[in-house]
Each structure stands twice: as structure tokens, then as C-alpha cells.
Amino acid sequence: MKAEKTISICGQDVQMLYCAATETGFEQLANRSINVFLPGDDNENPAATGDDYIKLGIAAIIAAYARNDQEPPVSVKDVLYEATPQEVVALITSAVELRGKWYDVPGIVEEDKKGKRGKRKNA
């Protein structure tokens with residue numbers, strides 16, 4: 001399943017792609033296993049930090065451009081030092097959304113036609 005999105009960050013429209021390259025890119029950037037996003041009940045895997053989520057977003061940007069042998073329009077330094085808090089939140093939420101889409105994770109709460117939360121699925 002394609003998991004792609006374009007966000008605005010540091011005054012640029014930036015593509016994001018979630019795929020295997022995103023996960024290996026995260027592991028290279030963070031020097032940690034991608035399993036931090038799947039902490040075990042027995043604390044087998046430590047929980048992801050804010051830094052991990054930012055690096056996952058950056059890895060998704062790098063993957064989108066590396067696929068076409070291009071350089072991203074923003075650097076890691078730009079994201080860390082120039083992005084607004086709202087842009088960082090958009091980066092993180094987009095990375096999480098794309099990860100869920102790539103793994104085909106079903107939604108938990110269904111919205112009705114008026115946009116209000118409905119009954120839980122599979123409850």
C-alpha cells in the first residue's frame with residue numbers, strides 16, 4: 001500500500017514516504033531499532049521518545065527523495081532549528097499516520113457522516 005503525503009515545513013512543500021527505507025533510515029539516524037514504536041508489555045522494547053518521532057519523520061522525507069535519487073528540499077538541521085512547533089507536530093503526526101497506513105492498521109474509532117465520533121469498531 002502506498003503511504004505518501006506532502007506537508008509544508010520550513011516554507012517548503014515536502015514529500016514524505018513510509019516504506020522499508022523509512023524504517024532502515026530511522027535506525028541509521030537514531031542508532032536504535034524501529035521496535036521503539038512497538039514497546040512490549042514486559043518493557044522488552046523501550047518506548048519511543050520525541051526525538052525518535054522527529055527522526056522517523058525526517059527518515060520519511062529522506063526516503064521520499066532518495067527513491068528518485070534527489071536531495072530533500074529541507075535538511076535535518078532545517079527541521080531541527082527552523083521548523084515551527086506546528087510544523088514539527090505535522091511532521092510527527094504525518095509520520096505516524098503514514099506508518100499506520102503502510103502497515104494497514106485499521107482505525108479504532110469510526111466517524112459518522114456529521115464528523116462526530118461513532119461507536120468503536122471491533123468492540
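We number each residue from 1, following the sequence as shown. Nothing here was measured: the structure is a model prediction, and the numbers come from that model.
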How far apart are the closest heavy atoms of [X] and [Y], and which atoms are they?
X   : Y   : result
A47 : D52 : O-OD2, 4.4 Å
P46 : R32 : CG-NH2, 3.7 Å
A21 : A63 : CB-CB, 4.2 Å
V79 : V74 : CG2-CG2, 4.1 Å

With sequence neighbours excluded, residues passing side-chain hydrogen bond (donor to acceptor under 3.5 Å, both in side chains) with S8: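 So S8 forms no side-chain hydrogen bond (donor to acceptor under 3.5 Å, both in side chains) with any residue.
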Partner set under side-chain hydrogen bond (donor to acceptor under 3.5 Å, both in side chains) for S75, not counting sequence neighbours: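 D78.
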Intermediate values then yes/no, side-chain contact (heavy atoms from CB on, under 4.5 Å), F26 and V36: CA-CA 11 Å; F26 166 80; V36 298; 4.0 Å; yes
Over 12 foreign heavy atoms within 6.0 Å of CD, Q70: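 Count over threshold, so yes.
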Working for side-chain contact (heavy atoms from CB on, under 4.5 Å), residues V89 and T93: CA-CA 6 Å; V89 168; T93 56; 4.2 Å; yes
Could you tell me the separation between the [atom1] atom of [X] and the [atom2] atom of [Y], rounded to the nearest 0.5 Å?
X   : Y   : atom1 : atom2 : answer
L91 : I61 : CG    : CD1   : 5.0 Å
L17 : I62 : CG    : CD1   : 12.0 Å
I58 : K77 : CD1   : NZ    : 13.5 Å
I54 : I92 : CD1   : CD1   : 4.5 Å
T24 : Q28 : OG1   : CD    : 5.5 Å
E27 : L56 : CD    : CG    : 10.5 Å

T6: which of M16, Q12, Q15 passes side chain to side chain contact (heavy atoms under 4.5 Å, CB included):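 With T6 as partner, side chain to side chain contact (heavy atoms under 4.5 Å, CB included) holds for just one option, Q15.
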K2 side chain reached by C19 side chain, heavy atoms, under 4.5 Å: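 A side-chain contact is absent here, since even the closest heavy-atom pair is not under 4.5 Å.
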Expected output: side-chain S94 to main-chain G57 donor-acceptor under 3.5 Å: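 Here the side-chain-to-backbone pair does not exist.
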Show me, pair by pair, the donor-acceptor contacts under 3.5 angstrom made by side chains of residues 95-106, not counting sequence neighbours?
residue	atom	partner	partner atom	Å
E97	OE1	K5	NZ	3.2
R99	NE	Y18	OH	3.0
Y103	OH	E23	OE1	3.0
Y103	OH	E23	OE2	2.7

Salt-bridge criterion met for R67 and E4 (N-O under 4.0 Å):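 The answer is yes: the pair qualifies as a salt bridge.
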side-chain contact (heavy atoms from CB on, under 4.5 Å) assessment of Y65 paired with N68: CA-CA 6 Å; Y65 290 90; N68 297 316; over 6 Å; no
